[in-house]
Amino acid sequence: MPRLPTSHSGKYKPPPFLYLRSFLPILLLILLFSFGLVSYSLLSHFKSPAVRQHLGWQSWDIVEMSTSKSGSGSGNEVLSSGGSGNATGHMASIPIENWDPLALHTTGLTEIAVAPCYFPPYLFPEHCSPETTPELDKLKGKWVRVERDLNIRTGLWYLNIYYRRTRRLDADLITDIQIVPEPPSKELQYDLENGGWQKGLGNLHSGVWPSRPEERLWYRTKSQGWDDVWRRQVGDDSTEDVIPEDDGETSNGSVEPIQSGESNKVVYGDYITEVDVIYGDDEPFFGFERIQGGKITESKKDKWESVGLTVRRGNPVAPRAQVPKFHKDGTFKIMQIADLHYSVGEGQCKDTDKTPCSGDSDTAQWLGEALDAETPDLVVFSGDQLNGQSTSYDSRSVLAKFAKPVIDRQIPWVAIFGNHDSEIAEDRAEQMRALQHLPYSLARAGPKDVDGVGNYYIELHSADGSNMHIFTLYFLDSHARQKQKLLWKTPDYDYLKESQIEWYRNVSSSIKPISRPFQPDGGWDLGDIWSSKRYKSKPSRITRRDAEEENNTTLAKPNAMMWFHIPLPEAYMDADHPDFLSEDQLESLDVGVNMDGQGNSKHNSGFFYNAIKVTYEYDDEEEVQTGRRKSEVKVLSHGHNHNTDRCRRTDGIWTCFDGGSSYSGYGQLGFDRRVRIYNISSYGEKIETYKRLTNGEVIDEQVLVGEGAVRGWGEDQD
């Protein structure tokens, strides 16, 4: 029988699926191992609150939440301490096993240590913390991790500070912490031992590359008595122990007056109540101070920033800003500061011929000069306080310094977010919470059911006895970028959402009309008595026509302005071109430069025509027919584009840009950094603007609204 030819040259070739079957056990083992590792990492720290926090006196610090209303109807939201509740107060708890440097703890620390970890400590919390026993946990409290890596950008593995916190009155509490080289000199060793100092566990330079000499934390404790736990400094007439705490949340986003933090201050003896890590060489966050012994890690130019340890004693409460009012002469001044782009470190100067130049510090210096020259009543930070781009990796270290020139001058201020503020971490809510804990801040998170963080408004009132609401300031979060769909493509800028449109329209509809132009009652020294006499003789309800006939006034909502970072597409439409204007007058409707191109989102959510252009000063059938109705908001003001500072009127609405205010943000040679000033006068009827440059020059003065302005502001254009 003839032999059949083979196609394998005499060798047998198994089917392809047999190769796959031989690898199946290995693949299965890899999958099982991965599943087990993930499950272990999740389950190791996912326990019920009852297990993790042990509902009881040792793990929880009980506080009383109380809300009181002043006679004017504004809310004062405060936290007051208390070991026992009452029948009328709402009781809430602060878990002392969670690290929160902004929480107003009334408990002290018993021990501090340093612990390295080869794996992320937030995935393996129990394995990365220092060793302990159940007895020590009961006596001193459980280990709490300070969620800041000491080895960020400098180490081979994770390195964190840990401390124990307790409510026990028989435990010694930490009063001082310092950094000491290991081993200390003989003289220093003698001073430490005789001074009651104890050495903490762990090396502060564990895992640092290149390696550095060992350093340790030393701490000193003091026994506590009952009087030490709550030593209060309150007003002479006060018998209550109150810690003012504003959560920034109101039902509709309004900013209400807050109780002054200077009149009620809680002092917890010499005891340290919180520990934090600071990156960079600037001052720590409000209420914190650097410990003795210098920095943990010194900075290295173009490599990494310094790392330091800070502590807080007691619970210092930042001075609260009251909502400012118009002056008696009917004026109010606002300064807008745009796009600071501050970093954890010094920040590099960009696109400037200034030499020498230090980005953040030189910016702070010139802003201080501008503030002294202008003395504004309110400062608006219009977004991109943080640089992003990997240099602002710890937002709180940056926020601790960005508003310092304003805070030092005790000027009320507000802030909104830009696209770079949450570029590294999606932490806008935490940033807003930090902003609210800074002195003289009026920034608010706004309603939680509205997209974004920082949708709020301020009602400006007159200084006379009537305390009339005569101007409105709106602030919105224009977000950052849209959700990324393709990994290799940067998503477009985000846009104002439908919920923000609805929120603004609801707020606008709730604002009551007033008799305009406003006339103060003149009884500055009589307060509400004069006000009540004046209005007793008037009818309880008057119509707009009644007001016009009686004293040549109009019944309408107050004028308003609005800030958000990223401009609308309509900001780049052509300027208004009324036929009745000369060429010189037309130029006054578009003043300044636009050297950035368009910086808006490509998606138009309709905010301009579905929100701004449909909320009017008043509703009147005759005005509807003639098209004379004016929009409530007359001016939209933005940041975002550093080389654009123009102010243009489009379809009756002014859209103005600040231009970059910081040496740390991009710019253009020959284009000075600047701030924009808004002068509001005639009790809110007139709005003027100009820009102040770094050299002190004032340019581009414009009248936007009121006497001297080109008519048609706020009205639809043909």
Side-chain angles (χ1 to χ4, degrees), residues 252-253 382-383 416-419 428 446-457 472-485 491-511 557 559-577 589-590 594 596-619 623-624 627-641 644 646-657 712-718:
N252 61 354
S382 56
I416 53 178
F417 291 124
N419 52 293
R428 290 192 183 219
K448 294 182 179 180
D449 57 350
V450 179
D451 286 288
V453 178
N455 302 296
Y456 57 104
Y457 69 99
T472 310
L473 308 175
Y474 291 96
F475 306 95
L476 281 83
D477 182 5
S478 58
H479 315 288
R481 292 187 179 273
Q482 300 177 38
K483 293 183 179 179
Q484 190 165 17
K485 298 179 179 179
D492 187 27
Y493 292 124
D494 214 339
Y495 52 89
L496 296 174
K497 308 299 177 131
E498 186 65 32
S499 64
Q500 293 173 292
I501 295 176
E502 182 179 355
W503 169 78
Y504 163 67
R505 293 181 62 167
N506 288 338
V507 171
S508 176
S509 65
S510 69
I511 293 178
K557 296 177 189 175
N559 281 327
M561 297 177 60
M562 181 180 289
W563 279 264
F564 47 90
H565 183 72
I566 300 176
L568 301 174
E570 288 78 7
Y572 300 96
M573 296 195 315
D574 293 338
D576 290 345
H577 197 287
L589 296 180
D590 191 2
N594 180 6
D596 288 301
Q598 292 193 202
N600 60 281
S601 172
K602 295 177 182 177
H603 177 85
N604 192 337
S605 63
F607 189 85
F608 189 81
Y609 285 106
N610 294 334
I612 299 299
K613 295 291 292 180
V614 296
T615 51
Y616 303 106
E617 291 181 347
Y618 45 77
D619 293 315
E623 309 301 339
V624 172
R628 289 177 50 213
R629 286 194 301 182
K630 286 182 168 62
S631 300
E632 177 198 0
V633 172
K634 309 299 190 303
V635 181
L636 305 177
S637 199
H638 313 291
H640 193 52
N641 294 355
T644 297
R646 64 164 174 75
C647 213
R648 172 185 294 175
R649 203 181 81 182
T650 301
D651 204 3
I653 306 299
W654 288 96
T655 56
C656 301
F657 293 81
W713 66 83
E715 297 178 358
D716 295 340
Q717 304 296 300
D718 296 333

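Quantities reported herein were computed from a predicted structural model and do not represent experimental measurements. All residue numbers refer to positions in the sequence shown, counting from 1.
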**Asked** With sequence neighbours left out, what residues match His479 under ring-ring contact (aromatic ring centres under 6.0 Å, His included)?
**Response** none
**Request:** Could you tell me whether the side chains of Ser508 and Lys557 share a donor-acceptor contact shorter than 3.5 Å?
**Result:** yes
**Message:** Taking the side chain as everything from C-beta on, heavy atoms only, tell me whether Met562 gets closer than 4.5 Å to Ile612.
**Reply:** yes
**Request:** Determine, step by step, whether Tyr474 and Tyr504 satisfy the ring-ring contact (aromatic ring centres under 6.0 Å, His included) criterion, reporting the C-alpha distance in whole Å, the side-chain angles of both residues, the deciding distance to 0.1 Å, and the verdict.
**Result:** CA-CA 8 Å; Tyr474 291 96; Tyr504 163 67; 5.0 Å; yes
**Prompt:** Measuring from Ser382:OG to Phe475:CZ, what's the distance to the nearest 0.5 Å?
**Reply:** 10.5 Å
**Message:** What I want to check is whether the side chains of Asn600 and Glu570 have a donor and an acceptor closer together than 3.5 Å.
**Reply:** no
**Request:** Taking His565 for its side chain and Phe417 for its backbone only, find out whether a donor-acceptor pair lies under 3.5 Å.
**Result:** no
**Message:** Can you tell me how the ring of Tyr495 sits relative to the ring of His603, calling it parallel under 30°, perpendicular over 60° and tilted otherwise?
**Reply:** tilted
**Item:** Closest contact, heavy atoms only, Ile566 versus Ser478
**Value:** N-OG, 3.0 Å
**Asked** Counting only N and O atoms by type, is there a donor-acceptor contact under 3.5 Å from the side chain of Gln484 to the main-chain atoms of Gln482?
**Response** no
**Prompt:** Parallel under 30°, tilted from 30 to 60°, perpendicular over 60°: which one fits the rings of His638 and Phe657?
**Reply:** tilted
**Fill in**
Of all heavy-atom pairs linking Gly599 and Pro567, the shortest is O-CD, 3.9 Å
**Val635 vs Cys656 side-chain heavy atoms within contact, under 4.5 Å** = yes
**Message:** Contact between Thr650 and Trp654 at the side-chain level, heavy atoms closer than 4.5 Å - yes or no?
**Reply:** no
**Asked** Of all residues at least two apart in sequence or in a different chain, which pass the salt bridge (Lys or Arg N to Asp or Glu O under 4.0 Å) check with Asp596?
**Response** none
**Request:** Could you pull out the closest heavy-atom pair between Asp477 and Leu496, with the gap in Å?
**Result:** O-CD2, 3.5 Å
**Prompt:** Is any NZ, NE, NH1 or NH2 atom of the basic residue among Asp492 and Arg481 found under 4.0 Å from an Asp or Glu carboxylate oxygen of the other?
**Reply:** no
**Message:** If you compare all heavy atoms of Ser499 against all heavy atoms of Asp449, which two are closest, and at what distance to 0.1 Å?
**Reply:** CB-O, 4.3 Å
**Prompt:** Any sub-3.5 Å donor-acceptor pair from Arg505's side-chain atoms to Asn610's backbone N or O?
**Reply:** yes
**Prompt:** Side chains of Arg648 and Met573: closer than 4.5 Å at any heavy-atom pair?
**Reply:** no
**Asked** Hey, are Asp716 and Lys613 close enough for a salt bridge, meaning a charged N less than 4.0 Å from a carboxylate O?
**Response** yes
**Message:** If I compare all heavy atoms of Ser601 with all of Pro569, which pair ends up nearest, and what's the gap?
**Reply:** O-CG, 3.9 Å
**Message:** Asp494: which residues meet the salt bridge (Lys or Arg N to Asp or Glu O under 4.0 Å) condition with it, sequence neighbours left out?
**Reply:** Lys497
**Asked** Can you find a pair of side-chain heavy atoms, one from Phe608 and one from Ile653, that are under 4.5 Å apart?
**Response** yes
**Item:** Geometric cation-pi criterion Arg646 and Tyr572, 6.0 Å radius, 45° cone
**Value:** yes
**Request:** Evaluate salt bridge (charged side-chain N to carboxylate O under 4.0 Å, His left out) for Lys634 paired with Glu617, printing each intermediate quantity in order.
**Result:** CA-CA 10 Å; Lys634 309 299 190 303; Glu617 291 181 347; 2.7 Å; yes
**Message:** Working to the nearest 0.5 angstrom, can you tell me the gap between Leu473 CG and Ser637 OG?
**Reply:** 11.0 Å
**Request:** Kindly assign one of parallel, tilted or perpendicular to the pair Tyr493 and His640, based on the angle between their ring planes and the thresholds 30° and 60°.
**Result:** perpendicular
**Least distance between heavy atoms, Asp576 atom then Leu589 atom** = O-CD1, 3.5 Å
**Asked** With distance as the sole test, does Thr644 use its side chain to make a donor-acceptor pair with the main-chain N or O of Asn641 at under 3.5 Å?
**Response** no
**Prompt:** Any donor-acceptor pair under 3.5 Å linking the side chain of Arg428 with the backbone of Gly454?
**Reply:** no
**Message:** What's the separation between atom CD1 in Ile511 and atom OG1 in Thr615, rounded to the nearest 0.5 Å?
**Reply:** 9.0 Å
**Request:** Hey, can you tell me if Trp503 and Tyr457 have their rings parallel, tilted or perpendicular (30° and 60° cut-offs)?
**Result:** tilted
**Item:** Side chain Asn455, main chain Leu476, donor-acceptor under 3.5 Å
**Value:** no
**Request:** Would you please say whether a donor-acceptor pair under 3.5 Å links the side chains of Asn559 and Glu632?
**Result:** no
**Prompt:** Taking side chain as C-beta onward, heavy atoms only, is Leu636 less than 4.5 Å from Trp563?
**Reply:** no
**Request:** Mark yes when over 12 heavy atoms from residues, nucleotides or ligands other than His577 sit less than 6.0 Å from its NE2; otherwise mark no.
**Result:** no
**Request:** Decide whether a cation-pi geometry holds between Lys630 and Trp713; the criteria are a distance under 6.0 Å from NZ or CZ to the six-membered ring centre and an angle within 45° of the ring axis.
**Result:** yes
